[in-house]
Structure formats: C-alpha cells, structure tokens
Number of protein chains: 2
Amino acid sequence: MDRRQEILEAAAKSFSLFGYKATTMDQVAKIANVGKGTIYTFFANKEELFNAIVLQMVEEMRVASDAATVEGASFEQNAHARLMQMLKFRETHQLYAKLVDEGKELRTPAVIEVLAEIENEIVSYIKTKIERAIDKGELKPCDSKLVAYLLFKSYMALVVDWGKTHEDEELSEERIAGLLRSTIFTSLLA
Amino acid sequence: MDRRQEILEAAAKSFSLFGYKATTMDQVAKIANVGKGTIYTFFANKEELFNAIVLQMVEEMRVASDAATVEGASFEQNAHARLMQMLKFRETHQLYAKLVDEGKELRTPAVIEVLAEIENEIVSYIKTKIERAIDKGELKPCDSKLVAYLLFKSYMALVVDWGKTHEDEELSEERIAGLLRSTIFTSLLA
DNA sequence: TATTGACCAGGAAACAATTATGGTCATTCA
DNA sequence: TGAATGACCATAATTGTTTCCTGGTCAATA
C-alpha cells in the first residue's frame, strides 16, 4: 500500500486521538509501520504533516456542509443548515474538537494558526454562497465578505458562546433561526 | 480623609497599573498609607476589593456611554455611538485594557470572571435601551435580550476580532456602521 | 474600638537535573 | 542505486527541589 497514504492515516488517527502537541513523530511512524525518516521524505516537518491532515478535514467538512443543503431551498434555509452543520462538525468531529480544545487550553501556536485558517476557509465558503445567491437575484448586492464574516460570527456567538455564560438558558435551534431570520437574513433578501 | 476611600483609590491605581495578579495587598496598603490589616476591615479579601474597583469602572463606562448619545437621535445612531464608545473604553481605559490582556495572557480566574460580568452588564444595558425604543414605538417588539447579545457580539466581532485576522484590511467606522445598518438595524425598525 | 504589621501556611518562582522529541544522515537493504 | 531506516544529537520540555512571596490572621497597640 502507498506509504504516503499510510502515513496520512496514521497521523490523522494520532492527531485526532492526542492532538498536535501530544502526537510524536515516533508515534506516527510506529502506527504507520514505517521508519521515522520515511515520514520526512513526504513531509518537510511535523507542521506540514499536520497541515495536510487538517486540509483533509476541511474537505470533509465542505462535503458534510454541502450535504446539509437542499436543492431549491431558500438562501436562508440553506445558509442556516450549512452553518449549523459546520458548527456541529466543530464539536463532533474528533480532530476538530481536539484542536479547539488544544488551542484554548495549551495555546499551541501551530494549532491556533490552523484554527484561524479553518475559520477563514469557512467564511470564504459562505462568501461564495452569498455571491451565488446574489447572482441568482435571491439576495440584493452586499459586501459579501463582511456579511459572511458577520453571519459566521453570529452563529458562533449564539451556538457556541451563549451557552458558556448562560448555562441555565439553553437556546433552541428554532430560537436561533428565528432571531437571525428577523434580523440579518430578511434584510439580505432582494 | 476617609480610609475606605483612600484604599479604593490606591487599589484602583495599582490594579490599573499592574493588573490583578501583580497587585499585592502590601502594595495597596503602602499606596493608601494604611496598615494591611485595615484593608480587611473594609473588604473581606482581595477579590472583593477588586470587585469594588471594577464596579466603579462599570459606572464610569455607563456614564461615558450615556454621554455619547444624542437626545432625539435614532435608535440606530445612539446604539452605534454607545457601542463604539464602550468598545473604545475597553481598549482605552487603563484598567479595562489591562484586564482584557491579563484575562487572555495569564487567564487569572478572578479576572476572567469579572470580564464576563462586565460583558453581561453591557448587554443588559443595551437590552434596556432596546426595550425603551420598543416602548417608544421606534422599534418593533423583539427578543430584546437576544438582540442585545447579538448586537454586542457583532460589534465585538467587527471592531475587535476582525483586525486580528485581517491586519492589512482595516475596517473603517463607516463601513461597520453601513454593514450593521443594512443588516441588523434596519430590520429592527417598527 | 480601630489600627497595625509581624507572622504563618500554602503556593508560586527559580533553578537544576533528567527525560523526551523533532529532525538528520550514515548505513542498509531490495 | 536510491528509497527506507533507526541510532543519534541538540534542544526543548518535564520533573523534582529549594527558595521566596503573598494573602490573610490576630495579638499587641494606641
């Protein structure tokens, strides 16, 4: 079997299980049944290997997000479904959840960097969806980059942050959807 | 002069200059020209003294925020002015800025707690302003608590967070105001 | 009765010693 | 002969130990 592929799988497993810092190259080599040196013929260093794994994950997330959309549904419905899907992915997917935790607790720089890149990726993704909806005439023209950013941050705030300070008062998905419909989404319509 | 007051002033000075952790009770006592024991006749412990100082600051912030409003101006104009004022206060006011930094860098629990309380206070403040505007018939009824939360988080995102990941592309206040007008504010109008 | 500062226990720094790890490269196969 | 390997190395992280600080107390004081 392809050595590069075995290494990728071993690394994905280890990063998911132990995070970035606690994953050692020896560990990855052993899981992949490969000499440590072999890893370095495919990846320049630990961080590049890590980036490759994260790239895979971002692709997975894009697929999951696309799968959450309904052909023919409104921009609001699909944007909501996509964002909720990505935030669910964020706390469900073993690797993503581990990285969020490691970024917050250990502050590993490589992890913080990668998390920022992922968020950028998500915002870009939303941005293209907004632009497509504008082209279709469903939304009126707007600063798509900023609106995408605002939408992402709003969902993060309501889905992720709110619970941290309002442990008692859980927000239902309907309440979130309702709030955003009556504020942001409606005003984006053409 | 009032001993309690001297202690408060000394503590305010020290917390502003050095933050929570790096302020020692001996330090405060010396600045206040008071025996250390005396502090404990007014405040149960360091944290209570700290809370008293922060309470003062929240009051200052409320005053500054009220001062930024214009009688007779629209809800949007005043809400924008208030929120910008409070976020400016956040990075301008020596104590607030120090606490934000200490919360992020040192993760001092007492500081993190207090920062959460301050944000709660700000959101409550916005909430009352929203409710007043609803009573006046300027805004249509809405989930004032959630809308206040969303507004605060949106401003934080655009004013504070954006710059961290888009160092090159500074957001002008006009662009921020424009974005929020065309999304959130307009849809709140009665 | 209000104030004080020497005093104390517990926890944080500072330092030293030990271990673990990312990355290299001479050697080894296939 | 060139891809694969793992012993090896410098450095970073961790652990253990000692010392120093600091929040809080309270007997002495004014």
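In what follows, chains are A, B, ... by sequence order, proteins preceding strands, each numbered from 1.
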J.: What pattern of brackets, bars and dots sums up DNA chain C from 5' to 3', given Watson-Crick or G-U wobble pairs under 3.5 Å, [ ] for crossing pairs and | for another strand?
T.: ||||||||||||||||||||||||||||||
J.: For salt bridge (Lys or Arg N to Asp or Glu O under 4.0 Å), just list the numbers for B:Glu102 and B:Lys21, CA-CA rounded to whole Å, side-chain angles, deciding distance to a tenth of an Å, and then say yes or no.
T.: CA-CA 8 Å; B:Glu102 185 172 351; B:Lys21 187 158 176 260; over 6 Å; no
J.: Under the ring pair (Phe, Tyr, Trp, His ring centres under 6.0 Å) test, which residues partner A:Tyr155, sequence neighbours left out?
T.: A:His80
J.: Determine all donor-acceptor pairs shorter than 3.5 Å in which one atom belongs to a side chain in residues 35-43 of chain B; sequence neighbours excluded.
T.:
from: B:Thr38; atom 1: OG1; to: B:Gly35; atom 2: O; distance (Å): 3.4
from: B:Thr41; atom 1: OG1; to: B:Thr38; atom 2: O; distance (Å): 2.6

J.: Considering residues at least two apart in sequence or located in another chain, which fulfil the ring pair (Phe, Tyr, Trp, His ring centres under 6.0 Å) criterion with B:Tyr125?
T.: none
J.: Near DNA chain C, counting only heavy atoms under 4.0 Å, which residues of residues 33-44 of chain A show up?
T.: A:Lys36, A:Tyr40
J.: D:dG6 C1' sits how many Å from A:Asp26 CG, rounded?
T.: 9 Å
J.: What distance do B:Ser14 atom OG and B:Gln27 atom CD have between them, rounded to the nearest 0.5 Å?
T.: 4.5 Å
J.: One thing to verify: whether B:Glu169 and B:Arg175 come together as a salt bridge, which I'm taking to mean a side-chain N less than 4.0 angstrom from a carboxylate O.
T.: yes
J.: Heavy-atom count check: over 12 atoms from other residues, nucleotides or ligands less than 6.0 Å from B:Lys30 NZ?
T.: no
J.: Quickly work out the A:Tyr20 OH to D:dA12 C1' distance and round it to whole Å.
T.: 13 Å
J.: B:Lys30 has an atom NZ; how far is it from atom P of D:dT22, in whole Å?
T.: 11 Å
J.: Check for me whether A:Lys136 meets the cation-pi criterion with A:Phe75, that is, NZ or CZ under 6.0 Å from the six-membered ring centre and within 45 degrees of the ring axis.
T.: no
J.: Would you say A:Ser65's side chain and A:Met61's backbone share a donor-acceptor pair under 3.5 angstrom?
T.: no
J.: Name the closest nucleotide to the A:Arg3 side chain, picking from D:dT5, D:dA13, D:dT22.
T.: D:dT5
J.: Walk along DNA chain C from 5' to 3' and tell me the first and last nucleotide with an atom closer than 4.0 Å to a non-hydrogen atom of chain A.
T.: C:dT21 to C:dT24
J.: Charged N to carboxylate O below 4.0 Å: is that the case for A:Glu59 and A:Arg62?
T.: yes
